[in-house]
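First the structure, in the form of C-alpha cells, and then the observations on it.
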2 protein chains.
Amino acid sequence: MRAAVMRDWELRVDEVPDPEPGPGQVLTRVLACGICGSDLHMLRHGAELRAREVELADEFGPDPNALRPVVFEPHLDTVMGHEYCCEVIGLGAGVTGVSEGDVVVGMPVALDADGLHTVGYSNRYPGGYAELMVLDAALLNRVPDGVPPRLAALTEPLAVGVHAVAKSRTDQAHAAVVLGLGPVGLACVAELKVRGIGPVVGADFSSRRRRLAEHLGCDVVVDPRVQPAVAAWREVDGQRPLVVFEAVGVPGMIDAAMRMAPRDTQVLVVGVCMQRDHIHPMSAIGRELNVQFALGYTPDEFAGSLTKIADGAVDLEPLLTGSVTVEGVPGAFADLADPEEHAKILVEPDGTSGA
Amino acid sequence: MRAAVMRDWELRVDEVPDPEPGPGQVLTRVLACGICGSDLHMLRHGAELRAREVELADEFGPDPNALRPVVFEPHLDTVMGHEYCCEVIGLGAGVTGVSEGDVVVGMPVALDADGLHTVGYSNRYPGGYAELMVLDAALLNRVPDGVPPRLAALTEPLAVGVHAVAKSRTDQAHAAVVLGLGPVGLACVAELKVRGIGPVVGADFSSRRRRLAEHLGCDVVVDPRVQPAVAAWREVDGQRPLVVFEAVGVPGMIDAAMRMAPRDTQVLVVGVCMQRDHIHPMSAIGRELNVQFALGYTPDEFAGSLTKIADGAVDLEPLLTGSVTVEGVPGAFADLADPEEHAKILVEPDGTSGA
C-alpha cells in the first residue's frame, strides 16, 4: 500500500507491505486521518527525545511501575497518524461484534503477544497516513450513521482537550486562559465552553485560529503581540480563580505561562514539548502556582468525545482547513509550519473532500 | 548596634543605627535567630534574581493582583535574619497587649505608611542578625514560659514545612519522599510524621542530616549516591500514591524530582531555587505529574508551629548544630556550605549557648 513513511527521522511517501490482522484485530481502510502537531514534533525532535530516554534509562533503570509500550526503531519504517476514522474491510480470527462496512474510530493502541504498541508510533502497526490499518477490535468505537468520517476523525484531538479540562481544576467557579489555538487549544476551548466555564480567553498569533476559537464560544480572543492574555482576563473578570492552559508545546512556553499567572493559578500543560526547556522557578514559587501536566485521555473520554461530535454538541467542521491524499502528506507537514493558514489538515487516501 | 550587613551583595559585620519603633511597633532585643538557606541563596544569587525581576516588570508591567512588598535596595544596608525569637524591651505609640519582657516570635513582615515590608529583606526593618529589631505588635506570638528561645526560633522554619505539607495533596493514604534533609526538608519530615503519614523516605548526602531525619521519625533514609529515594520507597511500599518534596532548591533538582517520580505523583517544590533552571517536560507529560510550588505559611500555620514546639509534639533540639554571635555570622555562612556538618546555626547576639 502507499504510505507516508518516517525512516531515520525523515518523511517520504513509499510502498509498504499491507498490514494483516491478527487474532482479535480487524483490517480497515483509512477514510480520514488528521495530522497531529505531535507528529511534526516527533519528526523534528524525536532523535533528541530518544537520546534523552536512553540517558534516563542508563541513569535510573526501568521504572517497574510504568506501562511501557513497545518502542519503534527509528531506522525502520514507521507510519504515523493516530487521529483516524476507518471502514472495516476484514475480520481477524475470533472477532465478534464488528462487521465489515462498519465505520469506526478508536484509541491508538494495540495489544498483542509482544506487548502494548502505540499505533502511529510503531514499526508493526501503521497509522493513518496510509491506505490500510490494522486495529484492535476491542478498542473500536462505532461511528453513528450520518456522521461524516472527516468529523469523526476529530474524536482523538477533541478527547485531548476533554482530558486536559478534566485533569485541570476548572469548575464553574473558574475562568480560563488558553495559550495557543491550534487543534489542542481549540479542543480545550470547546470543552471549557461545553462545560459552561468562562470567561475563556484565547491567545494566538493567527487571526484565523482566533476566529475558530470564537466560533467554538471563546469569550475573548487576543493576539498576544497586542494584548497579553492575562491582561485581557483582568479586563473582563480578574476575580475568578484562573487556570492557564499551555497548548503551544515549544520551549519557553511553560516559563511564559508561569510568569504571567496570578497567585494560586494552575497551569495546565497540554502542549507537548519534546525538547529540553528552561524555567525560572521563582516565578512559580512566589505565587505558589500549581503545574499539572496532561497527556492522552481515558476510554470514557474518548467515547464521550465521539458522542459530542455526533450529537453536534461541538461543531468542529471549521477546524478542517485542508485535505490531502497520502501523496500530499509531506507537503502538508510543510504547510502546517504556517499556523496562520491552518488548523487541522486531514489525510484522505481515497481522494480529498475539499476544505 | 552591631549587625551582619548585606550591601552590594556582600556580607560584613558593621555598626548600624539602632532601629526605633513606630506606632504599633515594639523594640526588641534578639535572643536567637536561625540562619536560613534562603539568605545564603539571596547573597549568592540575589543580583541575578533582581535582574530577572526588572526584566519581567519591563515585559509584563506590574501585576495589579499581586501583594508587592517594598523591595530593598542592594546598595543600601540590609540586615537579614527572619527566624527570630526576641525579648520586648520597648513599646511604640499605641501598643497594647504586649509587655516589656515578653519573649516573642512573629511572621517576618511589617506594615507601615509606606506599605508592606519583608523583615530581613528590607532596608528599613533589620532582621535578626543584629542586636535589636523592631517588630509589628499585631504580628507577635508570645512564647510560652519555659520554652527556650533557641527552640522558639525554629518556629519559622517549622512553619515552612507545615505549610508545604498542607499545600501538598498528602493525606493518610499517601507516602512521601523528601529530597534534601536540610532544615526545610527536616521540617517537612517532622510535619509528615506528626500527621501520621508514611512511609516517609528521606534522601541526603549527609549522614548527620539523615540521622536527624530518623530522629524526627523518618521511616527510611538513603544516601542518593547509594540508593535512589524512589527505589527505597518501592522496597518498603511502592503502592501508595506518592508526593515527592523537593527541599534542595538548586538548579536541576526540579527536573531530577520529575524524572524519578512515578505516574500521577505530585512534586511539592519547597526548595527555593533563585536561578534559571532547566527541565525536560516530557518526563512530566508522559506521567501526568503535578508540580505544586509552596512558599511561606499562613498566620495559623505559624502559630500552630510554635504550639507544636512548645508542647513537645516535635523535638527540634538536635537540629541546632551551631551557634554564633553577630560577629560570627559571615563565618557561619561559610560553614553552612558544608552540609555534612550542619543543619541550623543560630545567631545569639548576647553570647552563644553552645551547640
Side-chain angles (χ1 to χ4, degrees), chain A residues 45 48-49 52-53 55-56 59-61 63-67 163 167 169 228 230-231 234 238-239 242 246 249 251 253-256 258-267 269-296, chain B residues 45 48-49 52-53 55-56 59-61 63-67 163 167 169 228 230-231 234 238-239 242 246 249 251 253-256 258-267 269-296:
Chain A
H45 306 295
E48 179 186 336
L49 182 65
R52 165 75 179 164
E53 281 167 358
E55 178 193 311
L56 278 184
E59 191 173 349
F60 290 97
D63 174 354
N65 290 13
L67 193 64
H163 178 71
K167 197 83 185 171
R169 57 166 70 140
V230 170
R234 287 210 177 86
Q239 296 302 320
L242 191 64
E246 196 306 272
M253 278 307 301
I254 295 172
D255 197 50
M258 292 198 318
R259 71 194 176 192
M260 73 175 69
R263 185 172 175 77
D264 284 325
T265 295
Q266 181 177 68
V267 175
V269 179
V270 62
V272 179
C273 173
M274 297 183 186
Q275 299 150 271
R276 181 183 160 105
D277 202 356
H278 68 272
I279 59 170
H280 292 80
M282 280 307 287
S283 298
I285 294 167
R287 280 169 283 124
E288 298 201 284
L289 303 184
N290 183 276
V291 183
Q292 174 68 53
F293 295 86
L295 182 73
Chain B
H45 306 295
E48 180 187 334
L49 180 65
R52 165 77 179 163
E53 281 168 358
E55 179 192 310
L56 277 185
E59 191 174 349
F60 290 98
D63 174 355
N65 290 15
L67 194 63
H163 178 71
K167 197 82 186 171
R169 56 166 70 140
V230 170
R234 287 210 177 89
Q239 295 301 321
L242 191 63
E246 197 304 274
M253 278 307 302
I254 295 172
D255 196 49
M258 293 198 318
R259 72 193 175 192
M260 74 175 68
R263 186 171 174 76
D264 284 326
T265 295
Q266 182 177 66
V267 175
V269 179
V270 61
V272 179
C273 173
M274 298 183 186
Q275 298 151 271
R276 180 184 162 106
D277 201 356
H278 68 272
I279 59 171
H280 292 81
M282 282 306 288
S283 298
I285 293 168
R287 279 168 284 124
E288 298 202 284
L289 303 184
N290 183 277
V291 183
Q292 174 68 54
F293 294 86
L295 181 74

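Chain A is the first sequence line, chain B the second, and so forth, proteins listed ahead of strands; every chain is numbered from 1. Side chains are part of it too, since the values below use all heavy atoms of this structure and drop only hydrogens, waters and symmetry mates. Every value quoted in this text rests on a predicted model; they were computed, and no experiment measured them.
The greatest number of non-hydrogen atom pairs below 4.5 Å with chain A, out of Gln292(B), Gln275(B), Lys167(B), is found for Gln292(B). Note on Asp277(A), Ile254(A), Leu49(A), Asp255(A): by heavy-atom pairs under 4.5 Å with chain B, the leading option is Asp277(A).
Closest heavy-atom contact between Pro281(A) and Cys273(B): CB-O, 3.7 Å.
For the pair Met282(B) and His45(A), the minimum side-chain heavy-atom distance is 4.5 Å or more. Between Arg169(A) and Asn290(B) there is no side-chain heavy-atom pair separated by less than 4.5 Å.
For Ile285(B), the parts sitting under 4.5 Å from any heavy atom of chain A are the backbone and the side chain alike.
Here His278(B) contributes atom NE2 and His278(A) contributes atom NE2; the two are 12.5 Å apart, rounded to the nearest 0.5 Å.
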